[in-house]
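What you are looking at is a predicted structure, and each value in this text was computed from that prediction instead of being measured. Just so you know, residue 1 is the first one in the sequence shown, and it goes up from there. Computation of the quantities below employed the complete heavy-atom set of this structure, encompassing side-chain atoms and omitting hydrogens, waters and symmetry-equivalent molecules.
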Amino acid sequence: MPDTPPPAGKPPRELTWRALLLGGALTFIFTAANVYFGLRVGLTFSTALPAAVISMALLRGFKDNSLVENNITQTLASAAGAVATMIFILPGLVMVGWWSDFPYWTTVAVSFVGGTLGVMMSVPLRRALVVNSPLPYPEGIAGAEVLRVGGRSEEGAEENRFGLRTMLFGGALSVVMSTLIALKLAADEIGRTFRVGDGATGVSFTVSLGLLAIGHLIGLSAGIALLVGTFVSWGVLLPWRTAIDGGGGAIDTLVGAVFSSDVRFIGAGAIAVASLWTLLKLVKPIAEGLAGIVASNRARRSGVEVPLVERDLPGSVVLGTVVLSALPIVWLLWRFAEGGPVMDILPLALGASLAFIFVVGAVVAAVTGYMAGLVGTSNSPVSGVGILSIIIAAVMIALLFPGQHSAEDAQALVAYALFTTAFVFGIALISNDNLQDLKTGQLVGSTPWKQQLALVLGVAAGSLVIPPVLNLLSATMGFAGAPGAGPDALPAPQASLISSLAQGVLGGTLRWDLVGLGGAIIAGFIVIDELLGKRPAKDGAKPFRLPPLAVAMGMYLPISLIVPTATGAILGHRWDSRAEKSARPEFMKRSGVLLVTGMIVGDSLFGLGYAAAVAGLGSDPLAVVGEGFAPAAQILAPLVLIAIVWWGYAGTRAGAERVA
């Protein structure tokens, strides 16, 4: 039951036009930011907490505002962080050469239909995984605390005003850093490659406040696990594989080629096994949760009165939406398959695809919802679930279309597997987010069905933003591995991996030996992590762990992304440790989260604006120095970054202490 039940009499205003309009505006902004950042570093951030702070700061001016109205705003806006992660698969259609750009309404439709299915499939899970569950739901509880504190008094209003200022401050710092990089006064990456015996490797660091900020959010255990995975790839595997490949040629070219062709697939095997292990650990609690759903439905049918705060969308609406969604899915798959080999057995292919989407989708809805409750939306390994899904889809397509295929037909089959899996991704991503929001609603007394409706509206708003942002970035930067991509192309690591796996399975070229090696390596880390978890807690603190999926991501992602992210995790741990000694530890920790959230949004929006300027002018509009300044820019970049980070954290701490 909620900690702050609504007063007797007329219920408070909840699903209002101003909440929907503000939430929709925030959804547009946060979706664009998450699309850019996810393509750049392979990670997205939860938007629920910053949306709650902004809502409390802006809607407080209305006398009849309420906690539950503000919760609708943050619920709608939080869909931005979820639906934006469709970028983990859709760019793969450009990478394999099937799409040259992102057709607007097709991209909107697959994002909206998949996301709406995610909302509907997670509705039956609310009682089991939110109400009758000990899961911590870290972002959900934090969001409820922001809403409750902000709604109590003038002191709470000042806290929310400070939170909004802190986010703007973080965004301004990122804009300053990004502007210096765009002017070429500071380098965007610092690194070098070098020989190790007969092989080669390298170290590099992307100069980005956004990456440091992501590290702050993921925590110390995940940050160190990323570093461990990076050491395995860049300290062990890369020198070994480059030595095997002969070690000849330009060292930069050699390192990049071997990492892409060999080490990345070892990392893919590690991610697949780590994801499978995560799912196996969830079988028991998910089964218990589903049993709770059955018991709850039996009680409701017996005539037990359901309180307002327990009213979900009606079962007829949920089931009807799921069933009717088959119509647009069939139409989209049919249109997508036109002119390709799928048309030869279209009814069978469509039937198998629908079964895959609904069956696998229902499973991943439960799995990702549980994982979000366990480790938080930002840390939930949704991309790992996606990797398993694309392998299942690719095997399904291979069974439907056995034998050898022409290059054109093979490309069409890979694209069809990716497009089909995109619906499952939508289900997984929204379910991952939905239950977190419903936890916040449970704590502040919201009506579940109104939140669920707000999430559908948030999915719609975010879906409208995704294609133009993707087309802008595709036209100005491109995606690594796509036809015509330049040296500064966005890595889009998940989309690259997923499309490569589909091509490998259907083309018979997947290096199963490398994938198997990655699986064997991560199996060792799974054992280590389990042994670490069995250690007794000291002073009430949980034992340090090495999350296997984070180790696997460290093995797969480029070192230039991992080093700043891990650095940010260390900075975040230091901030939280000092916060524990402050007068109000939770407020101080939350202030750090809002600072780094602002950094991420500022970094992302500047990147989008800069890409739009390049697209409009046809040239780099900000570069003021030539190549001769590059050595100085390499020196200035870390100095400026250190100064800005110190200024950001020190300024936020001083401000938080004044408010507290």
Side-chain angles (χ1 to χ4, degrees), residues 12-35 44-60 62 65-86 108 111-120 122-123 126 130 137 139-140 142-144 146-147 150-151 160 164 167 312-313 317 321 372 377-378 426 429-466 597 601:
R13 293 168 62 86
E14 188 169 1
L15 195 64
T16 64
W17 280 109
R18 64 194 180 204
L20 295 177
L21 290 174
L22 177 57
L26 293 176
T27 299
F28 289 144
I29 295 171
F30 286 144
T31 298
N34 258 321
V35 167
T44 56
F45 63 99
S46 174
T47 56
L49 182 59
V53 170
I54 294 171
S55 177
M56 291 299 296
L58 297 182
L59 295 186
R60 191 179 178 86
F62 296 92
N65 85 95
S66 65
L67 296 187
V68 291
E69 181 186 24
N70 283 283
N71 187 46
I72 288 294
T73 300
Q74 76 86 17
T75 296
L76 200 150
S78 73
V83 74
T85 39
M86 288 295 285
V108 169
S111 301
F112 176 70
V113 173
T116 300
L117 273 174
V119 175
M120 297 302 150
S122 60
V123 168
R126 185 189 68 85
V130 175
Y137 286 99
E139 287 108 332
V146 168
L147 293 171
N160 279 288
L164 183 57
M167 289 179 61
D312 292 296
L313 285 171
V317 172
T321 302
T377 301
S378 299
L429 301 168
I430 296 300
S431 180
N432 184 55
D433 174 76
N434 189 7
L435 296 179
Q436 199 79 241
D437 293 321
L438 291 172
K439 182 64 178 181
T440 301
Q442 180 212 10
L443 294 175
V444 301
S446 291
T447 308
W449 75 263
K450 294 180 180 179
Q451 279 192 272
Q452 290 152 1
L453 178 58
L455 269 165
V456 173
L457 296 175
V459 168
S463 299
L464 295 173
V465 178
I466 290 175
T597 299
V601 174

Pair Thr73-Leu26, side-chain contact (heavy atoms from CB on, under 4.5 Å): steps then yes or no: CA-CA 9 Å; Thr73 300; Leu26 293 176; 4.2 Å; yes
Spatial distance of atom CG (Leu22) from atom CD1 (Ile72) [nearest 0.5 Å]: 12.5 Å
Side-chain donor or acceptor of Ser122 paired with backbone N/O of Val119 under 3.5 Å: yes
Interatomic distance, Ser446 atom OG to Lys439 atom NZ [nearest 0.5 angstrom]: 13.0 Å
Value rounded to 0.5 Å, distance of CG in Asn34 from CD1 in Ile29: 12.5 Å
Flag side-chain contact, heavy atom, 4.5 Å: Glu69 against Arg18: yes
Leu438 vs Gln452 side-chain heavy atoms within contact, under 4.5 Å: yes
Expected output: side-chain Thr447 to main-chain Lys450 donor-acceptor under 3.5 Å: no
Nearest non-hydrogen partners of Thr27 and Gly458, listed with the distance: CG2-O, 3.7 Å
Between CE on residue Met86 and CD1 on residue Ile430, distance to nearest 0.5 Å: 9.0 Å
Asp437-Thr75 side chain donor-acceptor pair, cut-off 3.5 Å: no
Gap separating the CZ atom of Phe30 from the CG atom of Leu76, nearest 0.5 angstrom: 12.0 Å
From CD1 (Ile466) to CZ (Phe112), nearest 0.5 Å: 12.5 Å
